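This is the structure, below, for whatever I ask next.
These numbers were taken from a predicted model, which means no experiment stands behind them.
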Amino acid sequence: MKKVPGLAGRVRVGAPDASLTPVSGVAVVAELVGRLGVTAALDDAVGQIKQRDRGLSGGEFLVALAQAQMCGAQFWIGLDHRRADRAGEALSAVATPASTTAVGLAERFGPAQFAGIEEGIGEIACRVIGLLPAARRAVLRTGGATIDLDGTDVEVYGAMKEGIAYSYKGARAGRPHVATWAEAGMVTAADLLAGDEDPRPGAGSLIERSVATLHAAGVTTRPKVRGDVGYFAKDIAQAAVEAGCDFSLGVTRNPAVWRAAAAISEDAWTKARRMKGAQVAVCDYAPAGWPPGTVTVVRRVKVGPVRFSRFSV
């Protein structure tokens, strides 16, 4: 389907033009992959995944998968759709494998290879930081680094999928558990859990691996670990301290917290920065067994009658 010159709003229907691609942006991806040495970095970290030196290497396979996902592929069959785009393939960094081939290659990845993927991505991240303008590079390395912990459920279909379970929402799901360098917008470590797995036991490992990546990237400031109330656990706080980090974790609103908050004097509150209408104060609540020096910061926001009425029944 093509626009006809001079005839606004009209189209001509004809045979598909194989010289055109809907994903011309893969040319930019290929340029980036080449300049950063992405494939070689992943190959070095993952190692060989097959005995014969034929077809895609481990790094090339991972790049092909990532590119297919960026182009909208959500299932293995999406690789076959990518291969059918001849113009897009010609612009790609690596060849896209057939879905059947990809499944076979994926089965060659075990714990050692998955750890290698993360190591390779860490190396690539360091290369990216090194290529940034000096001012931006200095900000990331010396301006403070925050490790954000978060997990999300990804619904899947099919009762036979491995590592999948029903989440609390009742959907069959996997649960990517991710640590992100917030200021750089970059994932530093990740695990894949089942939908019913608690992410808290693995948080310490994510913190440790993330700190290693930050140090490799040249970060010199003391990192801070940040997590919502789902990460309210003394083991996570202790893991952060042992990794050389400060921490900021959401607190469960239990009766002891409410009592401590109610005891804050009015002159102890101060205006919160960059939060209109909010005030903060420190209270004396500190959970038992948490690292020495732990304090709780309370935030309060003035709610007007109009906003309050929206929540009334």
Side-chain angles (χ1 to χ4, degrees), residues 38 41-47 58-59 62 109-130 137 139-154 163 174-252 286-295:
V38 173
L42 291 172
D43 278 335
D44 290 342
V46 171
L62 293 170
F109 282 74
Q113 286 72 36
F114 291 134
I117 293 174
E118 191 170 282
E119 179 185 339
I121 292 175
E123 170 60 28
I124 295 165
C126 293
R127 296 178 185 180
V128 171
I129 299 300
R137 187 166 62 246
V139 168
L140 290 175
R141 287 176 172 173
T142 64
T146 305
I147 300 171
D148 266 337
L149 300 176
D150 202 6
T152 185
D153 291 347
V154 178
R175 179 169 292 166
H177 189 204
V178 179
T180 306
W181 181 2
E183 290 78 8
M186 183 181 299
V187 173
T188 50
D191 292 324
L192 179 59
L193 311 177
D196 62 349
E197 286 188 77
D198 185 348
R200 289 176 294 182
S205 176
L206 289 182
I207 294 170
E208 182 180 358
R209 287 143 52 195
S210 295
V211 169
T213 297
L214 293 180
H215 288 168
V219 173
T220 57
T221 54
R222 183 178 175 88
K224 179 176 70 177
V225 173
R226 182 169 62 191
D228 60 22
V229 69
Y231 294 93
F232 181 65
K234 63 181 180 181
D235 292 340
I236 297 177
Q238 191 62 49
V241 172
E242 291 177 355
C245 302
D246 296 324
F247 62 87
S248 175
L249 304 175
V251 179
T252 302
W290 282 56
T294 297
V295 298

**Asked** Would you say Glu183's side chain and Thr146's backbone share a donor-acceptor pair under 3.5 angstrom?
**Response**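 Between the backbone of Thr146 and the side chain of Glu183 there is a qualifying donor-acceptor contact (under 3.5 Å).
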**Message:** Can you see whether Thr188 engages Ser210 through a side-chain donor-acceptor pair at a distance of less than 3.5 angstrom?
**Reply:**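 Yes, because at least one side-chain N or O of Thr188 sits under 3.5 Å from a partner of the opposite role on Ser210.
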**Request:** Test Leu149 against every option in Ile207, Thr180, Val178 by the side chain to side chain contact (heavy atoms under 4.5 Å, CB included) rule and name the one that passes.
**Result:**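 Only one option passes, and that is Ile207.
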**Prompt:** Taking all non-hydrogen atoms of both residues, which atom of Asp43 and which atom of Gly59 are closest, and how far apart?
**Reply:**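 Looking at all heavy atoms of both residues, the closest pair is OD1-N, 2.6 Å.
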**Message:** Looking at every non-hydrogen atom in both residues, tell me the closest pair between Ala45 and Gly116 and how far apart they are.
**Reply:**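 Shortest heavy-atom contact: CB-O, 3.1 Å.
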**Asked** So which heavy atom on Ala41 is nearest to which on Ile124, and how close?
**Response**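 Minimum heavy-atom contact is CB-CG1, 3.8 Å.
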**Asked** Is there a side-chain contact between Lys224 and Ile147, using heavy atoms and a 4.5 Å cut-off?
**Response**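 No - every pair of side-chain heavy atoms lies 4.5 Å or more apart.
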**Request:** Quick one: closest heavy-atom pair of Arg200 and Ala233, and the distance?
**Result:**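 Distance-wise, the nearest heavy atoms are CD-CB, 4.3 Å.
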**Request:** Please step through side-chain contact (heavy atoms from CB on, under 4.5 Å) for the pair Ile236 and Phe247, ending with a clear verdict.
**Result:** CA-CA 9 Å; Ile236 297 177; Phe247 62 87; over 6 Å; no
**Message:** What verdict does the side-chain contact (heavy atoms from CB on, under 4.5 Å) test give for Trp290 and Val295, after you've listed the backbone C-alpha separation in whole Å, the side-chain angles of each residue and the deciding distance to 0.1 Å?
**Reply:** CA-CA 10 Å; Trp290 282 56; Val295 298; over 6 Å; no
**Item:** Candidate pair Phe109 and Leu62, rule side-chain contact (heavy atoms from CB on, under 4.5 Å), full reasoning
**Value:** CA-CA 11 Å; Phe109 282 74; Leu62 293 170; 4.1 Å; yes
**Asked** Do side-chain atoms of Asp153 reach the backbone of Arg175 as a donor and acceptor pair under 3.5 angstrom?
**Response**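 Judged by distance alone, no pair lies under 3.5 Å.
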**All pairs passing ring-ring contact (aromatic ring centres under 6.0 Å, His included) where residues 174-213 contributes a residue, at least two apart** =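 Qualifying pairs: His177-Tyr231.
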**Asked** Any salt bridge (charged side-chain N to carboxylate O under 4.0 Å, His left out) pairs touching residues 186-195, not counting sequence neighbours?
**Response**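 Applying salt bridge (charged side-chain N to carboxylate O under 4.0 Å, His left out) to every pair that reaches into residues 186-195, excluding sequence neighbours, yields Asp191-Arg209.
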**Request:** Could you pull out the closest heavy-atom pair between Thr294 and Ala286, with the gap in Å?
**Result:**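 Minimum heavy-atom contact is O-CB, 3.7 Å.
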**Item:** Considering all heavy atoms, the nearest Met186-Ala125 contact
**Value:**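 So the minimum-distance heavy-atom pair works out to SD-CB, 3.0 Å.
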**Asked** If you look only at pairs with a residue in residues 235-248, which of them pass as a side-chain hydrogen bond (donor to acceptor under 3.5 Å, both in side chains), with sequence neighbours excluded?
**Response**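 side-chain hydrogen bond (donor to acceptor under 3.5 Å, both in side chains) check on residues 235-248 returns Arg222-Asp246.
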**Asked** Can you find a heavy atom in the side chain of Val211 that is under 4.5 Å from one in the side chain of Cys245?
**Response**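 Answer yes - side chains close enough.
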